[in-house]
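Okay, so here's the structure we're looking at.
Atom set for the values below is all heavy atoms of this structure, side chains included, hydrogens, waters and symmetry mates excluded. Letters A, B, ... are given to chains in the order of the sequence lines, protein chains preceding strands, and every chain is numbered from 1.
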Amino acid sequence: MELHAHHLHYREVNQWLRRCSQDGIHHVTLHGIRGQRYIGTGLNNSLRIHIHGTAGNDLGAFMNGGEIIVYGNAQDGVGNTMNAGRIIIHGHAGDVVAHSMRGGTIYVRDDVGYRAGIHMKAWGDNPPLVIIGGTARDFLGEYMAGGTLIVLGLHDPSAPLVGSYVGTGMHGGVIYLRGTIAPYQYGKEAGLQPLTPDDWEYLQRTLAPFCEEFGFDLEAVLDHTFCKLVPLSRRPYGRLYEGAVGAVSNHS
Amino acid sequence: MKNFLPSDFLVHIGPECILCGRCVRECSFGVLEQKEGRIIAHHARCVACQRCVVFCPRSAIAILPHPSTSRHNAYWTPEQRRALLRQAQTGAILLAGAGNDQPYLSIWDHLLLDASQVTNPSIDPLREPMELVTFIGRKPDHLEIVPDENGELRLATELPPQLKLDTPIIFGAMSLGAVNLRVHKILAEAARRAGTYFNCGEGGLHEELYPYGQNTIVQVASGRFGVHQRYLDAAAAIEIKIGQGAKPGIGGHLAGEKVTEEIARTRMIPPGTDAISPAPHHDIYSIEDLAQLIYALKEATNYSKPVGVKIAAVHHVAAIATGAARAGADFLTIDGFRGGTGAAPLVIRNHVGLPLEIALAAVDDRLREEGIRHQVSIIASGGIRSSADVIKAIALGADAVSICTAALIALGCTLCQACYTGRCAWGLTTQDPELIKRLDIDEGVERVQNLLRAWTLEIKEVMGALGINAIESLRGNRERLRSIGLDVHTQEVLGVRPAGM
Ligand code: SF4
Ligand code: SF4
């Protein structure tokens, strides 16, 4: 099924999508998307949505299955609080990609804005995965509590791979960067670790479908230094607080 | 380091003691010990939760303010010195549970209700129907009524989704984690029986509570814990939590020790990790961003249920409230500074925010001035103690109130403020299976249901005295309030005239 949506409000686009999924349709294509928000929000089944144009904010928010493929760029909030499913963006994505994402996969071919993967979590056997082909700005993986973020910087070798405050308040999950990161760029709750053979095996396995999707050469992608950021503690703020009543801890 | 902290309380065990050891078993703070034929008390640990007092079969125990005193100083109060000493010993931010306990003015207690005499007679609520049903949700700008083919009139306007409350009291947000599953079960069941709602708070909705979905308001907070499509679908309404009266402007940390298997499953995070709710939502930095989340939730639930916003009462609460209303909120929960918490930094709890009474009047005024009061319902929350507070809140401009601390007190809470320790002796704000067992679900439901019943009857009683037979006639009806002992400016903000005028 196809829909020419350039003149439609997001409510109409989503109503149409809901009808399609109720009718048991598996593939739909939206043409002429011009920043309509919330496309595929709460998508809950096996629907596969192809989007031509620029997807608006909160693409696939609360998404719980299915697949969204954007041929173009996406704006802010891609995969906000996403639970399952897959979002693939043949282009750039804006700020707050994968905010509080708990499961599923997001591929962005090019760059993302600020706060990508912020407060990502992990739950059950479907931990979230976000792969960014280009670069990411500040606050990448801030408050990260689970899942995997990978930033590859494949396009412009002179562009900074990530900004500052990477992994600030991180208390779970892992960030892989294709390249290096200076200590001032990441938060004190995160720490660098050398990659183990398991990491390389994981990267190979995980990046293969990504490279295939966008036509990158997997070997060339892997033939590079990578670094790995992990949380130093699952309880970064354990010593911040103390009770005000009762002798709860015994300091004598 | 030597502990310089003096004891707050003295556990006095009288000669009636028969050494049964019950108090030792009841105390969850490790105060009492049975040794060499007597009960020994480690006074310094006592939080005055009263558990031992209530359960001593001989009423032998009394908890006294510690009689040891230092030179009186009205400025350097024992409380100030105690906090300071504790910080000198730990270097940490001090935490406290329950609500702001400082002696700020309680405006409720300076407001008096009117009653009918002679003209406009009072109504007898025992004989005459009293309408307490309240609808929470956006009301249309106008109603269009058209005749159908048979000439019968029918409503042509499509009404936005509403919550129907049989009594204008709901149970406010307390997350699973702050309280335990039994508390949630009690509130959910009591809400169902009373025809009202319970708010599951920001820690997700436990699987066993999904059957109560139609009596549940679910929260979406900055941590987005347990938020997924089924959660949104199950609920009767959704509340975006921006702030909390007990700790405006800051987030929350549920300590890893409290993230048990059950809580982890409901929050959808690994057990044992800190559950961090950041201070702001990472996707909300403006009213436009708030609108975006409101509409994301409406889209996700196909415009089938009200989506509201909870904000703490702070200095510019009226401006924030109208922004939220214009952003599409169907209801606003205004949480005053007396609101409770499982844990808040003491400095925030005691010094930040506004009294609910002030905030309520300011918000109601502002929405009326802008002509959008009908677009949004107001739920007043934070320190509602009695049916009188409920009535005054409604007269100041609320559609309904929400209660948390009051419900916990009904279940045994003694306001000992030790919630953040996870050792609540009354089995409320603890995840310890042994302590949880102290809370009997059936009895708890009965207590809370009784409380709602009593307050509802009292509200009707007062309405009768006011000569009002529908609660909506009381809403924002400040003409029926008078102030006593308030300064002129406070009266002006409240829009209430002094007694005698
Ligand atoms: S903490 Fe509670 S139970 Fe323990 S001694 Fe004090 S009042 Fe009694
Ligand atoms: S809930 Fe429990 S710990 Fe908290 S104040 Fe009440 S009795 Fe004390």
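Side chains of A:Asn83 and B:Gln229 form no contact here, defined as non-hydrogen atoms less than 4.5 Å apart. Residues B:Ile93 and A:Glu242 fail the side-chain proximity criterion, which asks for heavy atoms closer than 4.5 Å.
For chain A, the nearby part of B:Ser222 is the backbone; its heavy atoms alone come within less than 4.5 Å. For chain A, the nearby parts of B:Tyr295 are the backbone and the side chain; heavy atoms of each come within less than 4.5 Å. For A:Asp58, the parts sitting under 4.5 Å from any heavy atom of chain B are the backbone and the side chain alike. Both the backbone and the side chain of B:Ala296 come within contact range of chain A, judged by heavy atoms closer than 4.5 Å. Proximity to chain B is absent for every atom of A:Asp95, based on heavy atoms less than 4.5 angstrom apart.
Taken to the nearest 0.5 Å, the CG atom of B:Asp283 stands 9.5 Å off from the CG atom of A:Asp76. In this structure, CG on B:Leu95 lies 7.0 Å from OH on A:Tyr241, to the nearest 0.5 angstrom. Here the OG-CE distance, from A:Ser100 to B:Met268, works out to 12.0 Å after rounding to the nearest 0.5 Å.
In terms of heavy-atom pairs under 4.5 angstrom with chain A, the leader among B:Ala255, B:Gly223, B:Pro270 is B:Gly223. Counting heavy-atom pairs under 4.5 Å between each of B:Arg265, B:Arg423, B:Arg224, B:Lys298 and chain A puts B:Arg224 at the top. Note on A:Met63, A:Met82, A:Arg37, A:Gln15: by heavy-atom pairs under 4.5 Å with chain B, the leading option is A:Arg37. Per-residue counts of heavy-atom pairs under 4.5 Å with chain B were compared for A:Ala122, A:Ala84, A:Ala61; the largest is that of A:Ala122.
Within residues 163-175 of chain A, the residues that have a heavy atom under 4.5 Å from a heavy atom of chain B are A:His171, listed by number.
A:Asn64 and B:Arg230 share no side-chain donor-acceptor pair at under 3.5 Å. A side-chain donor from one of A:Asn14 and B:Glu299 sits under 3.5 Å from a side-chain acceptor of the other.
Remark: A:Arg34 pairs with no residue by the side chain to side chain donor-acceptor pair (under 3.5 Å) rule, at least two apart or across chains. Checked against side chain to side chain contact (heavy atoms under 4.5 Å, CB included), B:His282 has the following partners two or more places apart in sequence or in another chain: A:Val96, A:His99, A:Ile118, A:His119, A:Glu142, A:Tyr143, B:Pro278. Judged as a salt bridge (charged side-chain N to carboxylate O under 4.0 Å, His left out), and not counting sequence neighbours, B:Lys258 has no contacts.
The number of heavy atoms from other shown groups lying within 6.0 Å of OH (B:Tyr210) is above 12. Few gaps surround CZ on A:Arg18; more than 12 heavy atoms of other groups in view lie less than 6.0 Å from it.
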Go through it in stages, so that I can follow the logic: the residues are B:Arg267 and A:Trp123, the test is side-chain contact (heavy atoms from CB on, under 4.5 Å), and I'd like the CA-CA distance, side-chain angles, deciding distance and then a yes or no.
CA-CA 9 Å; B:Arg267 292 196 173 218; A:Trp123 167 245; over 6 Å; no

Would you please test B:His228 and A:Phe62 for ring pair (Phe, Tyr, Trp, His ring centres under 6.0 Å) and show each step?
CA-CA 6 Å; B:His228 56 106; A:Phe62 310 111; over 10 Å; no

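Within the cation-pi definition used here (under 6.0 Å to the ring centroid, within 45° of the axis), A:Lys121 qualifies as a partner of B:Phe225.
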